[in-house]
There are 2 protein chains.
Amino acid sequence: MTQDDTNTRPTLRDVARHAGVSLGTASKALNKAGTLRQETREKVLSAARELGFRPNDLAQALHRGQSFTVGLISNDSFGRFTMPIMEGLETVLHEAGIALFMCNATDDPEREKRHIDQLLGKRVDGLVFTGRRADRRPAPGLSLGGLPTLYVFSQGDEPGAPCLLPDDEGGARLATEHLVSLGRNRIAHVSGPEDFEAVRLRRRGYEAAVPTLDPDLVLHGPWSEAWGREAGARLLALPRKPDAIFAGNDQIARGIVEALRERQVGIPDDIAIAGFDNWTVMAEATRPPLTSVDMNLKTLGEEAGHRLIRMIKGEKLTGTTRLPCTLVPRASTQPTA
Amino acid sequence: MTQDDTNTRPTLRDVARHAGVSLGTASKALNKAGTLRQETREKVLSAARELGFRPNDLAQALHRGQSFTVGLISNDSFGRFTMPIMEGLETVLHEAGIALFMCNATDDPEREKRHIDQLLGKRVDGLVFTGRRADRRPAPGLSLGGLPTLYVFSQGDEPGAPCLLPDDEGGARLATEHLVSLGRNRIAHVSGPEDFEAVRLRRRGYEAAVPTLDPDLVLHGPWSEAWGREAGARLLALPRKPDAIFAGNDQIARGIVEALRERQVGIPDDIAIAGFDNWTVMAEATRPPLTSVDMNLKTLGEEAGHRLIRMIKGEKLTGTTRLPCTLVPRASTQPTA
DNA sequence: TTGAAAGCGCTAACAC
DNA sequence: GTGTTAGCGCTTTCAA
């Protein structure tokens with residue numbers, strides 16, 4: 001450690017003293033503002049370097065009334081969905097010199113309230129809510145006083161709240177059309193619990209793209225491999241078996257694949273399978289690897305960052321935007337490739 | 001919105017004015033400090049409530065020279081390991097009124113440096129490094145000036161750096177002893193790449209507990225299900241097959257299970273299997289469900305929080321501490337239960 | 001070109 | 001009991 005081991009860092013005043021100039025001069029030199037003699041500027045800069053000076057953003061924020069800080073409230077325990085969103089968000093915000101305060105609300109409204117309160121105390125310039133599932137969530141029991149607020153992979157309760165979501169319906173259509181393009185016309189859909197909005201939307205996308213709709217071919221259950229296995233078995237027991245299956249997520253898809261595999265059904269030759277989420281550890285470990293719909297969550301996070309920055313600049317954004325999903329084809333729908 | 005929609009929040013001075021008292025009095029009332037008449041206190045509190053007053057932590061921090069804020073640097077893209085650590089950490093710190101600033105370094109040293117610089121600017125009271133793997137990481141190319149710093153699931157480069165890690169060796173011993181207690185004595189070990197310290201430690205724990213050591217029964221490869229399947233096949237091709245397998249993680253374990261299952265090997269009757277990580281989506285979806293070693297990462301995060309708080313209070317902590325792992329028994333080692 | 005001084009919102013020591 | 005005041009570290013006029 002070249003520095004002394006105390007936690008008190010040098011102030012601008014220290015730098016000024018060290019350089020033998022006034023406080024204001026030092027400030028100008030470091031902020032490349034005003035007009036200064038090159039020599040003076042150098043003097044200050046080298047003094048700053050020597051002392052290991054780093055301006056105190058807190059003081060700066062206090063002065064400017066802007067903290068260059070944004071809060072993130074998640075109830076996902078920072079899981080699979082929030083992670084990539086956060087990553088995209090963080091990248092964009094960091095680029096703009098904005099740091100991210102992260103809080104985990106874990107569905108406890110009391111705790112969420114305390115978190116928001118803490119963030120307000122830190123005078124965050126904006127707030128992002130995100131969640132485990134893209135459904136509507138109750139409004140925070142706290143006045144946000146016009147603070148720029150954005151919901152990502154999650155929906156606000158207040159009307160017109162700006163929301164950013166994946167286009168589940170479009171993604172489902174994409175997957176179904178892909179199966180249709182393979183020449184399949186008896187396409188089943190095995191999905192999750194119907195109280196998820198995403199489940200209803202994906203089903204709608206499926207229904208829009210499927211050639212003929214057979215209610216026997218649509219099954220709902222929990223989000224699990226076990227359910228996928230059970231559903232796979234059921235579909236095989238049908239008098240007229242499907243020739244393709246679009247699953248509501250990759251876990252279900254994997255369960256289906258295993259059920260078929262054990263019964264010597266050829267994938268994709270007899271039955272082609274597509275999943276949703278493009279959860280790579282799952283999709284790639286499946287045999288054969290799983291074609292899946294990617295929600296592009298990182299992009300969603302990046303877009304959230306851009307929008308939040310615009311809102312912080314004063315722009316008013318409202319309403320729900322859905323960003324397109326992408327199909328990632330793998331062997332479970334592609335015979336040879 | 002009951003509040004006006006501007007982002008300028010009321011200050012303490014506003015509250016004081018509204019309550020018809022002085023600034024100092026208002027401060028005392030809100031901080032429950034000094035001696036005040038009950039009536040005055042009430043007056044101030046209700047004024048504060050009316051205006052929706054929330055003290056500005058930035059100003060407070062500036063005054064006190066403490067920000068009640070801690071930075072977290074991760075290179076895990078906030079994945080499977082960092083998540084539970086973060087959750088534990090956040091819980092404990094929040095209890096102490098400390099907020100968590102989160103940064104994603106993604107193995108880019110330049111970006112990590114910028115992040116640390118930003119955190120120093122925010123005058124964080126401490127720093128936590130965490131990572132994707134528990135190995136030594138290069139020191140940040142930046143003087144931290146005596147800032148309390150803690151490594152969790154990750155190791156600092158500087159000698160004596162305080163590190164908090166799971167006891168991989170003990171966990172491996174636990175799993176192996178469990179298999180021995182089942183009466184198995186030909187126990188194989190299939191693990192990940194040897195350049196992971198965790199792999200070497202787990203192997204050491206295995207070697208310490210295994211009844212007889214047969215080099216043919218120890219296999220290293222990538223962290224994947226595919227490798228598990230391949231290793232499973234290899235072990236079954238051995239002239240003297242194992243009667244139990246301890247896998248270096250749950251993905252490998254699952255691959256092994258699938259390989260055995262396809263070859264009609266009874267699990268656990270013929271061969272018992274244990275994994276590592278207790279990654280529930282994986283362990284529970286395996287058939288039969290997987291016995292696995294849990295690293296208790298949330299506890300690790302909590303302990304990190306407690307230690308960091310002690311360090312912030314001025315205590316000096318050094319050296320590496322390893323926290324115990326736990327065995328979570330499931331059907332892959334338990335015949336009937 | 002540089003210095004002096006006011007003030008961001010809050011706390012704490014000291015008057016009254 | 002309550003009011004006044006001096007800063008915390010920085011930016012930004014305004015004077016010199």
Side-chain angles (χ1 to χ4, degrees), chain A residues 6-45 47-48 51-69 97 118 120-125 145, chain B residues 6-45 47-48 51-69 97 118 120-125 145:
Chain A
T6 127
N7 203 358
T8 39
R9 303 191 60 95
T11 73
L12 185 55
R13 177 165 264 114
D14 296 329
V15 174
R17 220 186 325 257
H18 195 83
V21 298
S22 82
L23 187 60
T25 305
S27 171
K28 275 167 220 160
L30 288 167
N31 293 312
K32 314 174 198 323
T35 47
L36 281 188
R37 222 174 355 154
Q38 189 58 23
E39 191 190 321
T40 321
R41 194 178 298 270
E42 298 287 343
K43 212 165 45 179
V44 173
L45 289 176
L51 294 176
F53 172 74
R54 174 62 172 88
N56 187 332
D57 290 346
L58 267 43
Q60 225 163 291
L62 186 58
H63 183 89
R64 301 220 250 249
Q66 218 199 328
S67 63
F68 284 93
T69 282
Q118 206 187 30
L120 291 178
K122 300 235 179 268
R123 293 298 187 265
V124 292
D125 300 327
Chain B
T6 130
N7 202 359
T8 38
R9 303 189 61 95
T11 73
L12 184 55
R13 177 164 267 116
D14 296 328
V15 174
R17 215 180 335 251
H18 196 84
V21 298
S22 81
L23 185 61
T25 305
S27 172
K28 276 168 219 159
L30 288 168
N31 293 311
K32 312 171 199 323
T35 48
L36 281 188
R37 220 173 359 152
Q38 188 58 23
E39 192 190 319
T40 320
R41 192 177 299 271
E42 298 287 346
K43 212 166 43 179
V44 174
L45 288 177
L51 294 177
F53 172 75
R54 175 63 172 85
N56 186 332
D57 290 346
L58 267 42
Q60 222 164 294
L62 187 59
H63 183 89
R64 300 221 250 248
Q66 220 200 326
S67 62
F68 285 94
T69 283
Q118 204 186 33
L120 291 178
K122 300 232 178 273
R123 292 300 187 267
V124 292
D125 300 327

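Note that these values count all heavy atoms, side chains included, but never hydrogens, waters or copies made by symmetry.
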Closest listed nucleotide, where the reference is the side chain of [X] and the choices are [options]:
| X | options | result |
| --- | --- | --- |
| B/Lys28 | C/dT1, C/dC10, C/dA13 | C/dA13 |
| B/Phe53 | D/dC10, D/dT4, C/dC10 | C/dC10 |
| A/Arg64 | D/dT12, C/dG3, D/dT2 | D/dT12 |
| B/Asn56 | C/dT1, C/dG7, C/dC10 | C/dC10 |

Return no unless some side-chain N or O of [X] is found under 4.0 Å from OP1 or OP2 of [N].
| X | N | result |
| --- | --- | --- |
| A/Gln60 | D/dT11 | yes |
| B/Thr11 | C/dG9 | no |
| B/Thr25 | D/dT2 | no |
| A/Thr40 | C/dT2 | yes |
| B/Arg13 | C/dC10 | no |
| A/Ser27 | D/dT11 | yes |

- Query: Between B/Gly24 and B/Ala59, which is nearer to the 5' end of DNA chain D once each is assigned its nearest nucleotide?
  - Reply: B/Gly24

- Got a donor-acceptor pair under 3.5 Å from the side chain of A/His63 to the base of D/dG9?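 Flag unset: no donor-acceptor pair detected.
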
Give the rounded distance in Å between these two atoms: [atom1] of [X] and [atom2] of [N].
| X | N | atom1 | atom2 | value |
| --- | --- | --- | --- | --- |
| A/Arg123 | C/dC10 | CZ | C1' | 11 Å |
| B/Leu58 | D/dT11 | CG | P | 14 Å |
| A/Arg41 | C/dT2 | CZ | C1' | 12 Å |
| A/Leu62 | D/dC8 | CG | C1' | 9 Å |
| A/Phe68 | D/dT11 | CZ | C1' | 13 Å |
| B/Asn31 | D/dT2 | CG | C1' | 16 Å |
| A/Asp14 | D/dG9 | CG | P | 8 Å |
| B/Arg54 | C/dC10 | CZ | C1' | 13 Å |

What are the two closest heavy atoms between [X] and [Y], and how far apart are they?
| X | Y | answer |
| --- | --- | --- |
| A/Leu30 | A/Ala48 | CD2-CB, 4.1 Å |
| B/Pro10 | B/Asp14 | CA-OD2, 3.4 Å |
| B/Ser67 | B/Val124 | OG-CA, 3.6 Å |
| B/Val15 | B/Val44 | CG1-O, 3.9 Å |
| B/Phe68 | B/Asp125 | N-OD2, 2.6 Å |

- Just checking A/Thr35: base, sugar-phosphate only, or nothing, at a heavy-atom cut-off of under 4.0 Å?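 Contact class for A/Thr35: base.
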
- Looking at every strand, decide which applies to B/Gly65 at a 4.0 Å heavy-atom threshold: base, sugar-phosphate, or nothing. nothing

- Query: Under the side chain to side chain donor-acceptor pair (under 3.5 Å) criterion, do B/Lys28 and B/Thr40 qualify, and how do the steps go?
  - Reply: CA-CA 10 Å; B/Lys28 276 168 219 159; B/Thr40 320; over 6 Å; no

- Query: Would you find a donor on one side and an acceptor on the other, under 3.5 Å apart, between the side chain of B/Arg123 and the backbone of B/Thr69?
  - Reply: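 Not confirmed, B/Arg123 side chain does not pair with B/Thr69 backbone.
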
- Message: Any non-hydrogen side-chain atom of B/Leu12 less than 4.5 Å from a side-chain atom of B/Leu23?
- Response: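 Yes; the side chains approach each other to less than 4.5 Å.
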
- Item | Terminal axis angle for the helix from C/dT1-D/dA16 to C/dC16-D/dG1, five pairs an end, nearest 10 degrees |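 The value is 50°.
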
